[in-house]
Q: 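Let me give you the structure first, and then I'll get to my questions.
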Amino acid sequence: MDLPNGAIADALEELGDLYELDGAIVHRVLAYRTAAKTVREASMSVGALAREGRAVQLAGIGKTLQEKIETLQATGTIPAAEKLRAKFPPGLVQITRLPGIGAKRARVLHAELGIDSPDALREAALAQRVREVKGLGAKFEESVLSALDKAAADPQESERRTRLLLPQALELGEALARGLGEGKAGAGATVKVAGSARRMADSVKDIDLIAVTKKPVALAKSLGGLPEIESVGSVSAVGARGRAHAGIGVDLRIGKPKELGSLLQHFTGSGRHNAALRELAVRRGLHVSEHGVLDDRNGRTGTCETEKAVYQRLGLAYIEPELREDRGELEAARLESEPAHPGLPKLVEQKDIKGELHCHTVASDGKNTIGEMAAAARELGYEYVAITDHSATHGFGNDVSPDELRRQIERVRELDGRLEGIRVLAGSEVNVLPDGGLDYEDELLAELDWVVASVHTAFGMGEEAMTARMIRAIEHPLVDAIGHPTGRMIEKREPYAIDLGTVFEAAARTGTLIEINANPDRRDLSDAHARNAVRAGVTIVIDSDAHKTETLTNMRWGIATARRAWLCKQDVANTRPWHELERMRKRNRARRGG
DNA sequence: GCCGTTTTCGGCCCGACTGTTTTCAGTCG
């Protein structure tokens with residue numbers, strides 16, 4: 001039986017940690033961590049790939065890792081990990097999680113003082129034995145004790161690390177940028193949100209801000225005066241670091257006005273994008289940093305006022321922040337100028353979206369009426385909106401019985417008849433029952449304009465059963481789209497076990513759309529999976545899943561995921577006008593015999 | 001351990017900060 005991708009990724013990560021403790025060169029350790037990330041994000045079963053000897057097809061997995069994964073699957077363990085585990089106790093890995101202690105210091109502490117756990121470390125620090133180690137001193141001892149105290153006081157703090165979902169992170173970042181810019185010290189300054197918030201990631205670990213100004217110290221000092229800031233650590237002419245009341249770190253970096261482009265590029269990341277960018281630069285005799293681009297030929301650093309200039313100096317087309325994840329964007333940007341190569345995608349935008357195909361009303365668990373939702377959708381400039389309340393077995397006291405759905409269809413038809421400026425469609429978000437069946441009769445479903453099928457129950461079934469369940473729903477001729485296909489909740493709930501490769505194959509074969517649910521807690525499909533879906537020939541639909549008029553604008557977060565997935569307008573079904581989309585629906589395809 | 005618009009072997013980013021140091025190593029992002 002094939003191991004889940006998560007288990008393989010965990011094993012590779014552990015082995016990377018162990019090799020690091022063992023003093024392996026950093027590039028080898030990095031190779032394990034990169035591979036672990038690739039495995040975790042893969043849509044297909046990496047275990048199955050490895051069994052067929054094809055895991056080497058994945059970027060960053062070579063012959064050695066292919067073999068290690070094979071062995072892991074066959075025997076349940078990797079011999080190298082077994083050996084190293086005997087050498088380095090698990091408590092030692094815990095120590096490396098403390099701030100200020102990495103593999104090298106953990107290794108020295110283990111070798112010289114026999115320290116093998118956080119408790120042993122505390123004991124040694126209290127006895128002032130840590131300062132006896134060469135290269136470590138009293139200050140280090142102090143900071144170790146304070147780090148240990150912090151970890152003990154709030155064990156979750158170090159484990160779970162507070163992350164904000166993107167909407168809260170962006171709101172906080174923009175408030176801070178505004179506060180800095182509008183303050184007395186902000187006169188003449190430019191302040192921008194960078195980091196993972198700018199890349200529109202699912203969640204954000206800390207807020208990165210960049211600023212350019214002629215009075216850096218005053219600006220850095222002013223960070224601590226902002227109402228969102230709880231405390232400030234270091235302050236200098238190149239920036240300030242602090243902590244927001246929201247519980248996450250804030251990192252402000254300040255440069256000269258002529259460095260704006262380099263600074264923004266550097267602090268937008270991702271770290272891996274930047275590392276790959278610099279490697280590419282070195283091959284051209286150039287060195288990229290937040291200060292500019294150093295040219296080996298004349299030893300001079302050219303500054304960049306715009307990000308575009310940074311990429312241009314390296315012979316690359318401008319890369320949108322959402323793409324900067326080292327997922328092939330540099331290669332695409334390099335080939336942008338070659339006519340035969342597709343280059344970078346022209347990413348889908350909000351203005352491309354023509355309609356909303358998944359939202360709720362008071363008929364189930366929504367807060368607004370059909371009329372209110374339709375008017376709000378029209379206000380957003382949409383040409384159509386499908387009302388898709390939950391179905392007959394949803395539970396939570398908001399089931400819509402078959403008779404109630406018939407009345408709902410009449411209400412929609414009546415409204416559609418008299419409402420100008422937007423087409424209102426009758427739909428439903430139908431439950432996919434554990435056996436893959438739907439909870440309305442086909443006759444009733446056939447009366448609807450739009451059917452989204454979603455899993456809301458029995459998340460715990462095994463991968464094989466869940467995949468079969470989903471395939472049966474996909475093969476149903478009246479199902480237009482699959483809603484929130486993995487059931488994940490960001491930072492809260494793991495996706496259920498499902499073989500997405502098989503699901504995408506079935507969706508492509510049957511012409512069933514797969515949703516990117518735009519609820520910022522879900523963003524399901526994820527960026528990596530959505531990209532794989534489209535590569536497999538699937539068409540995506542982006543839905544707000546709004547439960548009230550205000551959250552129709554959640555569409556924004558789904559578009560962000562689509563952009564991170566490299567999706568263009570034509571990859572997304574609801575960029576089409578209704579008359580085109582209607583023809584695409586598989587029930588009409590079937591009728592035409594296509 | 002991976003990988004190839006100089007390479008199948010020899011490379012594999014860059015700077016700030018901290019603490020321990022008389023010139024640097026480790027950690028972090």
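Numbered from 1 within each chain, the chains take letters A, B, ... in sequence-line order.
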Q: The side chain of A/Glu290 lies closest to which of these nucleotides: B/dG1, B/dA16, B/dC13?
A: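 For the A/Glu290 side chain, the nearest candidate turns out to be B/dA16.
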Q: Whole-Å distance between B/dC12 P and A/Leu330 CG?
A: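 Taking CG of A/Leu330 and P of B/dC12, I get 17 Å after rounding.
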Q: Which value, in whole Å, describes the distance between the P atoms of nucleotides B/dT8 and B/dG4?
A: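 The same atom, P, in both gives a distance of 13 Å.
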Q: Whether A/Glu331 and A/Arg334 form a salt bridge (side-chain N of Lys/Arg under 4.0 Å from carboxylate O of Asp/Glu) is what I want to check.
A: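 Between A/Glu331 and A/Arg334 there is a salt bridge, with a charged N closer than 4.0 Å to a carboxylate O.
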Q: Between B/dT7 and B/dC12, how far apart are the two C1' atoms, rounded to whole Å?
A: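 12 Å, rounded to whole Å.
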Q: Using a 4.0 Å heavy-atom cut-off across all strands, classify A/Val26 as base, sugar-phosphate, or nothing.
A: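 Contact class for A/Val26: none.
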Q: To the nearest angstrom, how far is A/Leu98 atom CG from B/dC28 atom P?
A: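 Checked: the CG to P distance equals 9 Å.
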Q: Output the single nucleotide from B/dC28, B/dC12, B/dC14 whose closest atom is nearest the side chain of A/Pro99.
A: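 Closest of the options to the side chain of A/Pro99: B/dC28.
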Q: Can you tell me if A/His27 touches the phosphate of B/dG1, counting only side-chain N or O atoms and a distance under 4.0 Å to OP1 or OP2?
A: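 For B/dG1, OP1/OP2 do not have a side-chain N/O of A/His27 under 4.0 Å.
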Q: Are any of A/Thr34's side-chain N or O atoms less than 4.0 Å away from OP1 or OP2 of B/dC2?
A: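 Looking at the OP1 and OP2 atoms of B/dC2, neither is under 4.0 Å from any side-chain N or O of A/Thr34.
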Q: Tell me whether the OP1 or OP2 atom of B/dC3 has a side-chain N or O from A/Lys63 closer than 4.0 Å.
A: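 The answer is no; no side-chain N or O of A/Lys63 sits under 4.0 Å from OP1 or OP2.
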Q: Thinking salt bridges, do A/Asp22 and A/Lys83 make one under a 4.0 Å N-O criterion?
A: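 Between A/Lys83 and A/Asp22 there is no salt bridge, as every charged N stays at least 4.0 Å from the carboxylate O atoms.
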Q: Assess A/Arg531 against A/Trp566: is NZ or CZ under 6.0 Å from the centre of the six-membered ring, and within 45 degrees of the ring's axis?
A: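 Geometry flag: set, cation within 6.0 Å and 45°.
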Q: Write down the partner of B/dG4 under the Watson-Crick or G-U wobble criteria, each distance required to be under 3.5 Å.
A: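 Pairing partner: B/dC9.
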Q: Write down the distance between CD1 (A/Ile25) and C1' (B/dG1), rounded to a whole number of angstrom.
A: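 Taking atom C1' of B/dG1 as the reference, CD1 of A/Ile25 is at 8 Å.
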Q: Starting from P on B/dG1, measure out to CD on A/Glu13 and report it in whole angstrom.
A: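 Taking CD of A/Glu13 and P of B/dG1, I get 17 Å after rounding.
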Q: For atom P, what is the distance between B/dC9 and B/dG15, given to the nearest Å?
A: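 32 Å, rounded to whole Å.
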Q: Check A/Arg327 with A/Glu41, please: is the shortest side-chain N to carboxylate O separation under 4.0 Å?
A: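 Counted as a salt bridge, because a side-chain N and a carboxylate O are separated by less than 4.0 Å.
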Q: Heavy-atom nearest nucleotide on DNA chain B for A/Ile61 versus A/Val238: which residue maps closer to 5'?
A: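 Its nucleotide being nearer the 5' end, the pick is A/Ile61.
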Q: Could you measure between the two P atoms, the one in B/dT20 and the one in B/dT27, and give it in whole Å?
A: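 It comes out at 14 Å once rounded to the nearest Å.
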Q: Rounded to whole angstrom units, what separation is found between the CD1 atom of A/Ile254 and the P atom of B/dA16?
A: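 Distance check: A/Ile254 CD1 to B/dA16 P gives 14 Å.
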Q: Roughly how many Å is it from NE2 in A/His291 to P in B/dG15, rounded to a whole number?
A: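 To the nearest whole Å, that distance equals 7 Å.
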Q: Does the distance from a Lys or Arg side-chain N to an Asp or Glu carboxylate O, for A/Arg564 and A/Glu325, drop under 4.0 Å?
A: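 Salt bridge flag = yes for A/Glu325 with A/Arg564.
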Q: When the C1' atoms of B/dG29 and B/dT23 are considered, how many whole Å apart are they?
A: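 Result for the C1' pair: 24 Å, nearest Å.
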Q: Would you verify whether the NZ or CZ of A/Arg131 falls within 45 degrees of the ring axis of A/Phe140 while also being under 6.0 Å from that six-membered ring's centre?
A: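 Pair A/Arg131/A/Phe140 does not count as cation-pi.
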Q: Could you measure between the two C1' atoms, the one in B/dC28 and the one in B/dC13, and give it in whole Å?
A: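 My reading of the C1' atoms in B/dC28 and B/dC13 gives 14 Å.
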Q: Taking the side chain of A/Ala275 as its heavy atoms from C-beta onward, which of B/dA16, B/dC13, B/dG1 lies nearest to it?
A: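 The nucleotide sitting nearest to the side chain is B/dC13.
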Q: At their closest point, which heavy atom of A/Ala565 faces which heavy atom of A/Asp527, and how far apart are they?
A: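 For A/Ala565 versus A/Asp527, the nearest heavy atoms are CB-O, 3.2 Å.
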Q: Under 4.0 angstrom, heavy atoms only, what part of the nucleic acid is A/Leu65 near: base, sugar-phosphate, or nothing?
A: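 Sugar-phosphate: the residue A/Leu65, judged by heavy atoms under 4.0 Å, touches backbone atoms but no base.
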Q: Classify every nucleotide of nucleotides 5-10 of chain B by which part a protein heavy atom approaches to under 4.0 Å, writing B for the base, S for the sugar-phosphate alone and - for neither, in 5'-to-3' order.
A: B-----
Q: Specify the closest pair of heavy atoms between A/Ser222 and A/Leu180, including all atoms of both residues, with the distance to one decimal.
A: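 Minimum heavy-atom contact is OG-CD2, 3.4 Å.
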Q: Provide, to the nearest angstrom, the distance between the CZ atom belonging to A/Arg253 and the P atom belonging to B/dC28.
A: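 Whole-Å distance recorded here is 17 Å.
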Q: Of the options B/dC13, B/dG29, B/dG1, whose atoms approach the side-chain atoms of A/Arg278 most closely?
A: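 Closest nucleotide among those given: B/dC13.
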Q: Determine the interatomic distance between P on B/dT21 and the same-named atom on B/dA25; round to the nearest Å.
A: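 Their P atoms lie roughly 13 Å apart.
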Q: By the 4.0 Å heavy-atom rule, please label A/Arg33 as base, sugar-phosphate, or nothing.
A: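 The residue A/Arg33 makes no contact with any strand.
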Q: Check this for me: A/Glu494, atom CD, are more than 12 non-hydrogen atoms of other residues, nucleotides or ligands nearer than 6.0 Å?
A: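 Check fails, neighbour count at 12 or below.
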Q: Mapping A/Val56 and A/Arg241 to their closest nucleotides on DNA chain B, which lands nearer the 5' end?
A: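 Comparing both residues, the 5'-ward one is A/Val56.
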Q: What does the B/S/- profile of nucleotides 18-26 of chain B look like, 5' to 3', with a 4.0 Å heavy-atom cutoff to protein?
A: -SS-----S
Q: Over how many whole Å does the gap from A/Arg272 atom CZ to B/dC12 atom C1' extend?
A: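 About 14 Å, once rounded to whole Å.
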Q: Answer yes or no: is there a side-chain heavy-atom contact under 4.5 Å between A/Leu49 and A/Leu58?
A: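 When only atoms from C-beta onward are counted, A/Leu58 and A/Leu49 do touch, with a gap below 4.5 Å.
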Q: Show which side-chain atoms of residues 284-293 of chain A pair as donor or acceptor with protein atoms under 3.5 Å away, not counting sequence neighbours.
A:
residue	atom	partner	partner atom	Å
A/Arg284	NE	A/Leu314	O	3.2
A/His287	NE2	A/Asp296	OD1	3.0
A/His287	NE2	A/Asp296	OD2	3.3
A/Ser289	OG	A/His291	N	3.0
A/Glu290	OE2	A/Arg253	NH2	3.2

Q: Under 4.0 angstrom, heavy atoms only, what part of the nucleic acid is A/Gly271 near: base, sugar-phosphate, or nothing?
A: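 Touches nothing.
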Q: If the P atom of B/dG11 is compared with that of B/dT6, how far apart are they to the nearest Å?
A: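 It works out to 15 Å between them.
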Q: Could you work out which one of B/dG1, B/dG29, B/dC17 sits closest to the side chain of A/Tyr19?
A: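 When the side chain of A/Tyr19 is considered, B/dG1 is the closest of B/dG1, B/dG29, B/dC17.
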Q: Which is true for A/Tyr32 with a 4.0 Å heavy-atom rule: it touches a base, it touches only sugar-phosphate, or it touches nothing?
A: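 Sugar-phosphate, no base atom in range.
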Q: Examine distances only and state if a side-chain atom of A/Glu13 and a backbone atom of A/Ala11 form a donor-acceptor pair shorter than 3.5 Å.
A: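 Judged by distance alone, no pair lies under 3.5 Å.
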